[in-house]
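Read through the structure below, which is laid out as structure tokens, and then see the notes.
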Amino acid sequence: MAIEDAPIPLRIEVAVREMSGGPVPGQPRRPRLRHPARMVALALSGLLLAPIAVTCWYSLRTPTGIGLGNYGSLLTDSSVWRAIGHSVLWALVAFGLVLLGLAIALLSQRVRRVWRSLLLVLVIPLGMSSLVTGAIFRLLFDQAPQRGTVNALLGAIGAGRPVWLGSGLVWVVLICAFAWSWLGFVVSLFRAGLDAIPEDTVRVAKVEGVSSYHRLRGILLPMLRPVFAVVLLTMVVAAVRIFDLVVMVVPDPARGGTDVLTTRWFQLTTSSADTGRPAALAVVLFAPLIVVALACIRGLRSRSAPLDDTEQDDDRDDEVVVTRPWLRRGLWVLGIAILAVWVYPLVMLLATAVRSPRDAGVAGWWRPGRDGLSTGALAEVSDAGIWTGVLDTLVVAVTATGLVLLVAVPAAYALAWGGLPRWVTRATTTVLAILAVAPVQMYAVPLERLLAHAGLAGSQLPLALVHAAVGAPFAVLVLRWAFASAPAPGTGRTADVDPDRGGGLLNWAWGHARSTLTAVVVLEFVLVWNDFAVGFLISGPEASPLALVLRGEARQFATSAAPVAASAAVSSVVPVLVLLLTWRRVVAGLSGGVSR
Amino acid sequence: MPADRVGRRTVLRAGALAAAAPLVAACGALDNLLAVNIVRVAVSWSDTELAAFQSVLDGFRRQYQYEVDVIPLGDDIADAVSAQVNGRPDIVMLPRPGLVAEHLDRLDPLPAGLWNDTWLSPTWRDLVWQPTAPGREPVPYGLPFKVSNQSALWYRADLFDELNLSPPTTWSAWLELNDTLIGHGIAPMALGAGDGWPLTAFFANVLRSCHPQAYERLARPNPPVELWSSAEFNQALRLFGGMLSVDGVLAGGTNSALAQQYPDAIVDVFGYHNAAMVVSADFAEPVIEEFKRSPARVGVVPFPVVDGIDSGRAGPGDADLVVGATPFDGGHPLVIGADIAVLLKPVSKGAAALVQWLAQPTTPLPWITGHGGFIAANRQTPPQFYLPLVQPLTDPVANSPFVFDLSDVLGSLGGSGALFGVLEDFLRTVGDGRGFRVDDAAQTAAARMRDIEAPHGN
């Protein structure tokens, strides 16, 4: 029996078991999972593990034999060191962004109602691909004050017009774009984490006169630590694996100054037939990610399992009352300012997309044009094949998501309740965590060769399979956390569902880990939809038809502003809608997995 | 009885045939449905060029039973010939002629009898005629379709009239003109170096004009490495740097010119009137037409002849660059780019038909008349269809010897990791009034090219 109305999402259950015989240790029955999907899961993880092993092997193969020669030659290459330095810089940027997100989340708790809409707006960019974000920010930072918003504003206050896309300043553009994409994720997760902290804990501390600084340090931050770990892990991994954004934003002459490990790898891979050095570079990229992932796993393992189906009750009215009116007003203003900064790029995108290509090529959206509203840009991207692109992308994303679901649910169940020996579970979890952070560079080349050899490059099913393999490890990990917190099968309220039988398992999972399941499905769908690197590097440019159209239009950026904006907008509609409609549950599913 | 049996069998067979007839017809329809008659063409074009190519293909679609799919691969076009791709294209329009020789193993020769020497300049033979096997007679592996003249200097004729100036025909006149314009407070040039090719094409024009033989020797894959340290290469660099290092010569400064893409440079000149001239290709014309702002009369002249420069300009030690000297050994340079149709193995009937059709002199007319920015590789394409404005650019391509842009024929040595990157850094070092660095920077550039081509000094 459950007490469903508790203000905090906690379910108390009375453990019932047969009152006969002697006392037995309080362990739930652990039904073994005999599901063929477990085999599929193994095969799918092989799809990543094998090419990763091959890449490691490549990295050791030199013209003179087996050895560390490739690594040695990387270490003497100054461009590699520069790329390493830039990747480290990106990791620091990610860390800074996490702190910024935490600050915003803390402030947002104080004026809850104002910030609710803000949170949704912050999330929109998360549904957009890096290529789209890159396109938006390149348009915003256009050199010509007639077209670029930033230089128009600077011009208006007489501050000159910096060359944002030149070497050096292009970092500002990249970081702004990265922050715009990810801040919503950081803030949402921290907010969920903060909301899950029992009110009484804070209230008691307050009554006892603990200052707000000490409340933060002594209570809030320690309780946020698991969320912090997960958010930091995600952000650092995203920052170090950054590739699409750089490819889209940085003009050729500024490439050297923004080279990161991933773009360096791309340059090495495409400029020669040598497989050794790029493979070694991929390993250099992978190694620190493994360390980060292991540290995170270690940090989380000590925690007890989480509770799922904890739809965060957003309507609870526990707004921290801010008594000082100036502070309250300040928070309002800050919220509205952030809202404006986050909404503006979207406004610019849509307003540019509905101008004629001629008007948008010479003048920003705020300047009157010759042709007024126009569908010219939309017509142009239709001709370039954007609608087929949308359809193809939909097929790949749905297939990949379906595959992930089919594989991850039974695999996660087996890990949570399969009665596997403890060391097996641990080892599997570790391997999965490592796979979840593996950069595409680690497996792209062997897979690309395999597909090309089989004549399957550019076709959709193998690509969907690869996407599923890429997405599955994360899905299994998150679902395992959720499943482990559910009542043991056969003891809870859904005892009638037999997870060992076909659809029964999915039913059981839906019953016990609805939010996590939603989160897994939505994130996989959005990630695959927005993917560029995996499709491009493994299956060639044709494999990501949406990116193909966008990049095609973006070859001549500023003068094609309208078609660039139109293709960016069209390719973002579906993932943004999916994410917005499900976001509350997605956050619940993700934070439910870590916040306790 | 036996006769009866035979009779029955015959009847049955006839019946079967009768039943099969519609089935055969249906198979034809099924073929169409299953896209058996599709020809897939990979191109690097996007935007309006893509639309223009589609309008060219419409003629083929009307005339033949084939459907044509165009795959716009943009800058990844080389993938189409280097990778074995499923649903792969039948034809690739290669924008870099140098790639033909590199990928012979994936290509089939053109259908026999397609090559016509009255249609195509003999210059192409070096590039696209290759032996099918070592020791065999060379056969054509690619059909030149579109040519771009990258030796054009576009200028604002209205501004020149107003200031009573005339466009330069020689390098020294050009330097003087730049000074005059700067004196009027007008930036002489936009560069659009962000795309890479405008910068290498600019330099190629200088080198071609002052040292044609050196150009010929350099413009090939893996040229002799000592050429980078030659006096000719060095001199071309110093001339190039001498002009572009002048403070205020580039609209918005060097850094801006390096971030700007080529259409932005055109908009800078003809749309925003921020500069007076831009070195670009013939295909700048439709861009100018779309974005120009009145008053805008557009003028274009061939890239000026390099004739030596003021000895004071390129810094000390330039005694060999004499004022008002006679032209160096070349005339107006003619540097071109090209899109070449190649056939991927194995050739389908449709692909053969399409490439045959693309070879005809009148095929590109819809592009020329409907969109502009196109010069046919075919010399028999009727010249009267070109806009009068661009005829000074189209005529020489049909009638004069030309060379290919360095970055197109140098292979990977022409790209951003090599020549383009080196020129860019050179410009960054000397730009915005740091002409005193030209000598050192030219040495450095030569040394870097040497290192890039032969990293271990061999």
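Letters A, B, ... mirror the listed sequences (proteins, then strands); counts begin at 1.
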Exam field: side chain B:Trp45 to backbone B:Ala51, donor-acceptor pair closer than 3.5 Å: no
A:Asn151 side chain vs A:Pro162 backbone, donor-acceptor pair below 3.5 Å: yes
Top contributor to chain B interface from A:Gln267, A:Arg147, A:Arg255 [non-hydrogen pairs under 4.5 Å]: A:Arg147
Under 4.5 Å from any heavy atom of chain A - which part of B:Asp195: side chain
cation_pi(A:Arg551, A:Phe532) dist<6.0 Å, angle<=45: no
Contacting region of A:Arg161 [heavy-atom separation from chain B under 4.5 Å]: side chain
Heavy-atom contact with chain B under 4.5 Å, split by part of A:Pro357: both
Nearest-0.5 Å distance that lies between atom CG in A:Asp274 and atom OG in A:Ser73: 7.5 Å
Test side-chain contact (heavy atoms from CB on, under 4.5 Å) applied to B:Phe291 and A:Thr559, step by step: CA-CA 9 Å; B:Phe291 295 114; A:Thr559 49; 3.7 Å; yes
Region of A:Ser79 in contact with chain B, defined by heavy-atom distances below 4.5 Å: neither
Side chain / backbone / both / neither for A:Glu380 at chain B, heavy atoms under 4.5 Å: side chain
Side chain / backbone / both / neither for B:Arg428 at chain A, heavy atoms under 4.5 Å: side chain
B:Asp425, part contacting chain A, at a heavy-atom distance under 4.5 Å: neither
Top of A:Val170, A:Asp252, A:Val250, A:Val381 for chain B proximity - count of heavy-atom pairs under 4.5 angstrom: A:Asp252
Atom group of B:Ala193 that falls short of 4.5 Å from chain A, counting heavy atoms: backbone
Exam field: side chain B:Trp367 to backbone B:Ser55, donor-acceptor pair closer than 3.5 Å: no
Ion pair B:Asp58/B:Arg61, N-O distance below 4.0 Å: yes
Parallel, tilted or perpendicular, as decided by the 30° and 60° cut-offs, for the rings of B:Phe240 and B:Phe426: parallel
Contacting moiety of B:Glu290, where chain A heavy atoms sit under 4.5 Å: both
